[in-house]
Amino acid sequence: MHAIVGENGAGKSTLMKTLYGMHKPDEGTIEIDGQVVTLRSPSDAIGRGVGMVHQHFQLADNFTVLENVILGDEPAGRSGVIRLGEARDRIQEIGAAYRLSVDPDALVEDIGVGDRQRVEIIKVLYRGCKTLILDEPTAVLVPQEVEQLFSALAELKSQGLTVIFISHKLDEVLSVADEITVIRGGTTVTTVLPSEVTARQLAELMVGSELPSPETRESTVTDRTLLEVQGVSLDNDAGRVVLDDISLTIHAGEVLGIAGVEGNGQAELVETVMGLQKPYAGSVHLGGEEITSWSTRSRREAGIGYIPEDRSRHGLLLEGTLWENRILGHQTEKPNAKGLLIDRKGARADTERIVAEYDVRTPGIDVIASALSGGNQQKLIVGREMSGNPRVLIAAHPTRGVDVGAQAQIWDEIRKARALGLAVLLISADLDELIGLSDTIKVLLRGRFVADADPRTVTPEQLGSAMTGAGGEGS
Amino acid sequence: MRKFVLALAAPLLALGFALLVTTVILVLSGHPPLEVYRQMWDYGTQPDSLVLTVNLSTTYYLAAVAVAVGFKMNLFNIGVDGQYRLAALFAAFVGGHVALPPMLHVGVIILVAMIVGAIWAGVAAVLKNRRGVSEVISTIMLNYVATGIIAFLLAPDKFAELIEGSNNIGTKPIPPSGQIPGFDVVSGASSPIYGSIVLAAVVGIGFWWMLNRTRFGFDLRASGLSPTAATASGIDAKRMVLYVMLLSGALAGLIGIPQLLGASYTYNLDFPAGLGFTGIAIALLGRNSPIGIIFGSLLWAFLDVSRQILDLGGVSKEIVTIMQGVAVLSVVIAYELVRRYRITAQQRDVGRQLAAEAELAEATA
């Protein structure tokens with residue numbers, strides 16, 4: 001059993017997808033049983049005995065377990081009639097052999113998360129795979145289910161199967177893996193044995209121990225509260241609580257950093273502040289005014305700048321020109337609008353200004369946004385959101401997927417925003433960035449703030465363990 | 001320059017392909033293609049045919065714009081057909097029963113048509129926003145409901161009366177004060193060009209202006225380009241669905257006006273049906289652009305008029321339907337190909353230009 005650990009965006013999933021034939025490597029080879037293979041598609045990989053269980057289950061809710069398992073690989077003769085009896089027998093055989101019990105005739109929508117995961121594993125075994133890849137299998141499970149999963153995996157291992165699994169949770173990794181590979185920034189850092197390392201050392205390897213470069217100097221924090229979130233709770237479509245009694249206060253000139261493993265409520269927190277999600281409890285205040293019931297547009301007009309996490313889905317019209325993208329999100333504001341009309345001249349002139357001031361590398365403002373590199377797209381967004389005198393800046397992963405040069409510029413802009421007296425809410429998976437830029441850090445785990453940290457004293461390792469719930473207080 | 005070539009390339013390629021398919025079918029069915037095309041051209045360019053083409057395309061233009069408004073934000077109002085028929089019935093009924101001074105009378109009729117069309121489309125918007133019903137499904141079904149309502153209301157003791165000297169029934173004719181006079185500009189033609197062509201021009205210019213110059217138009221296009229980015233930018237998706245659906249329905253209400261106030265002056269059993277579906281095809285052909293739709297509707301109308309000659313020569317006139325269908329299909333494909341080519345070409349250009357600039361900077365440094 002081999003574990004792969006690393007920070008968000010370190011390249012774990014990409015590596016696994018490559019092993020599963022979903023991506024083709026540019027360089028290098030993959031060997032299975034000592035044989036160099038080229039995997040063109042997942043079915044190639046399955047043919048070679050490599051199967052994958054994705055983080056998000058790929059099951060049809062309105063099918064039974066049996067139907068889901070055989071989907072795409074139905075045992076049927078020439079007549080096209082599926083031999084369900086034969087399939088049921090094999091599923092029961094697999095269940096008995098590996099102690100993976102599920103009722104083959106239950107509807108998938110009626111069974112729990114742990115059972116669904118077992119169905120996914122049976123699906124892979126049914127196709128005769130000898131190597132199992134599990135992408136963050138424990139992220140969705142409660143502790144008891146995690147135990148069940150690990151005992152099932154141990155059973156697989158004892159019968160000679162290979163299991164590769166990805167995880168953030170270092171204590172889990174240490175307790176079950178036989179070997180651990182640490183990945184950072186797209187390359188392997190090292191492979192260690194669990195008996196040789198502690199959770200702390202592993203966290204250090206994960207985040208690297210270089211000194212934080214994005215440093216902010218003397219404090220500009222004032223006592224003027226600009227953004228206040230009080231007791232906000234939110235549940236998702238499935239009725240699960242994703243934010244649980246969240247409170248935070250950001251003052252003028254303060255950067256509040258939120259640390260957390262992805263999927264612990266950061267995205268929902270941002271969306272709640274932006275009015276894209278309606279919390280069932282709690283309130284949001286901007287400069288002393290309650291804005292809980294305000295629309296997204298009113299919030300933006302009132303001076304909240306927003307750098308979204310996923311710029312191509314939420315920040316830009318990829319097929320729109322740069323000046324049209326300058327208008328996006330600020331349709332009602334000067335210099336983009338005059339009354340109910342769009343002010344093309346004003347918007348164009350201001351786009352030229354942003355391009356020059358924020359060093360957006362582009363041949364002109366009439367090119368479409370998707371023609372620019374990620375870093376230049378992001379600089380355009382930052383420039384746009386800093387225009388029109390915002391009071392609050394929400395920056396979600398502002399430097400994700402941008403080159404080093406653009407990263408430094410964006411850091412500068414966030415520092416500038418802080419110096420100008422904005423309240424900045426910074427969400428980032430880059431712990432150096434978080435520590436370097438923030439005045440205060442809060443750690444979000446399963447929708448709750450579990451620790452506060454002082455960026456002047458905390459180390460990335462300490463933050464890392466607080467984020468993964470591996471114990472160890474922030475400061 | 002390349003922009004211009006690309007803009008023309010897609011429709012021309014698609015039409016060329018449609019012509020090719022039609023030619024093959026003609027050859028296979030044993031007709032000389034060139035002779036058939038010559039007949040269609042000769043007939044289609046007669047004065048009477050030209051007037052008919054222009055009048056028909058006026059109606060088609062309105063229908064296509066009504067559809068295109070929704071298409072621009074990926075809102076599929078398939079119910080334009082029911083909306084305009086219902087609107088025309090009510091407008092004809094009101095127009096026949098009120099007595100007003102000339103300009104005002106026309107205005108009232110148009111207003112009634114727009115309101116009825118908007119209300120009928122609004123039903124689908126409310127269903128979508130409140131209950132999550134796909135507007136495609138609800139508008140298609142509302143077409144049938146509209147047909148039922150019209151059949152119910154277009155009866156002698158309700159909205160209609162027997163038209164003298166025939167078995168046809170229709171609403172009470174609209175008096176001259178409520179009619180739109182035509183233009184006698186084509187010499188040798190027996191009927192005038194609809195005065196409503198002005199209405200279509202105003203709608204076209206208004207549509208273009210709304211899309212490109214107003215905040216509402218920006219929100220509409222943004223919603224079509226990326227619903228997620230639109231929401232994040234503060235556009236209220238539900239409100240947009242409601243407004244755009246109402247607008248689309250109001251424009252649909254105008255489709256019956258050229259016929260109603262320019263030719264028949266009554267809504268009777270012969271009132272043209274199915275224009276909403278033609279509008280969908282033409283909106284696709286014209287890529288939802290106010291200018292593209294002009295060419296689309298002129299072409300469509302010309303083909304519809306000139307096909308009339310084919311039966312005389314023993315050629316099935318359905319051959320033109322095939323041509324229209326292939327044209328729409330290939331335009332959709334051609335535009336998608338051109339769109340992708342354009343995006344990659346621009347990405348490449350930007351990359352090259354920036355690299356050249358960087359080199360220049362290095363050389364001067």
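All chains are named by letter (A, B, ...) in the order of the sequence lines, taking the proteins before the strands, and each is independently numbered beginning at 1. All values below come from the heavy atoms of this structure, side chains included, with hydrogens, waters and symmetry mates left out.
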**OP:** Please name the pair of heavy atoms, one in Glu324(A) and one in Phe218(B), separated by the smallest distance, quoted to 0.1 Å.
**Re:** O-CZ, 3.2 Å
Subject >> Option in Gly320(A), Gly329(A), Pro363(A) with maximal non-hydrogen atom pairs under 4.5 Å from chain B >> reply: Pro363(A)
Original post:
Which bit of Asp236(B) is near chain A, if near means a heavy-atom gap under 4.5 Å: side chain, backbone, both or neither?
Top reply: neither
**OP:** Verify the neighbour count for atom CZ of Phe216(B): are there more than 12 heavy atoms of other residues, nucleotides or ligands below 6.0 Å?
**Re:** yes
Subject >> Neighbour count >12 (heavy atoms, 6.0 Å) for atom NZ, Lys278(A) >> reply: yes
Subject >> chain B contact via Pro308(A) - side chain, backbone, both or neither, heavy atoms under 4.5 Å >> reply: neither
Original post:
Less than 4.5 Å apart, any side-chain heavy atom of Ser370(A) and any of Ile343(B)?
Top reply: yes
Original post:
Any idea which heavy atoms bring Glu319(A) and Leu225(B) closest together, and the distance?
Top reply: CB-CD2, 4.1 Å
Original post:
What part of Thr332(A) lies closer than 4.5 angstrom to a heavy atom of chain B: side chain, backbone, both or neither?
Top reply: both
Original post:
How long is the span from the CD atom in Gln331(A) to the CD1 atom in Ile235(B), to the nearest 0.5 Å?
Top reply: 4.5 Å
**OP:** Applying side-chain contact (heavy atoms from CB on, under 4.5 Å), name anything that partners Ala125(B), two or more places apart in sequence or on another chain.
**Re:** Val241(B), Leu242(B), Met245(B)
**OP:** Check whether Arg300(A) gets within reach of chain B through its side chain, its backbone, both or neither, counting any heavy atom under 4.5 Å.
**Re:** side chain
**OP:** Apply the test side-chain contact (heavy atoms from CB on, under 4.5 Å) to residues Asn212(B) and Arg344(A): give CA-CA distance (whole Å), side-chain angles for both, the deciding distance (0.1 Å), then the verdict.
**Re:** CA-CA 9 Å; Asn212(B) 294 298; Arg344(A) 288 163 82 100; 4.0 Å; yes
Subject >> Arg239(B) atom CZ, over 12 foreign heavy atoms within 6.0 Å >> reply: no
Original post:
Where the side chain of Gln346(B) meets the backbone of Ile368(A), is there a donor-acceptor pair that is under 3.5 Å apart?
Top reply: yes
**OP:** For each of Leu276(A), Ile327(A), Leu318(A), Asp310(A), tally heavy-atom pairs with chain B at distances under 4.5 Å, and name the one with the top tally.
**Re:** Ile327(A)
Original post:
Is the backbone of Ala232(B) close enough, under 3.5 Å, to the side chain of Thr296(A) for a donor and an acceptor to pair up by distance?
Top reply: no
**OP:** Give a yes or no on this: more than 12 heavy atoms of other residues, nucleotides or ligands lie within 6.0 Å of atom CG of Asn62(A).
**Re:** yes
**OP:** Determine whether more than 12 heavy atoms belonging to other residues, nucleotides or ligands lie under 6.0 Å from atom CZ of Phe76(B).
**Re:** yes
Original post:
If you take all heavy atoms of Ile342(A) and Thr214(B), which pair is closest and at what distance?
Top reply: CG1-O, 3.3 Å
Original post:
Counting heavy atoms not belonging to Leu111(B), are there more than 12 under 6.0 Å from its CG?
Top reply: yes
Original post:
Can you find a heavy atom in the side chain of Leu341(A) that is under 4.5 Å from one in the side chain of Trp209(B)?
Top reply: yes
Original post:
When you check the gap from the basic side-chain N to the acidic O, do Arg297(A) and Asp219(B) get nearer than 4.0 Å?
Top reply: yes
Original post:
Would a 4.5 Å heavy-atom cut-off, applied to side chains only, mark Val350(B) and Arg361(A) as touching?
Top reply: no
Original post:
Top residue by heavy-atom pair count (under 4.5 Å) with chain A, among Ala229(B), Ala222(B), Pro227(B), Ser226(B)?
Top reply: Ala229(B)
Subject >> Asn336(A) backbone acceptor or donor facing Arg215(B) side chain under 3.5 Å >> reply: no
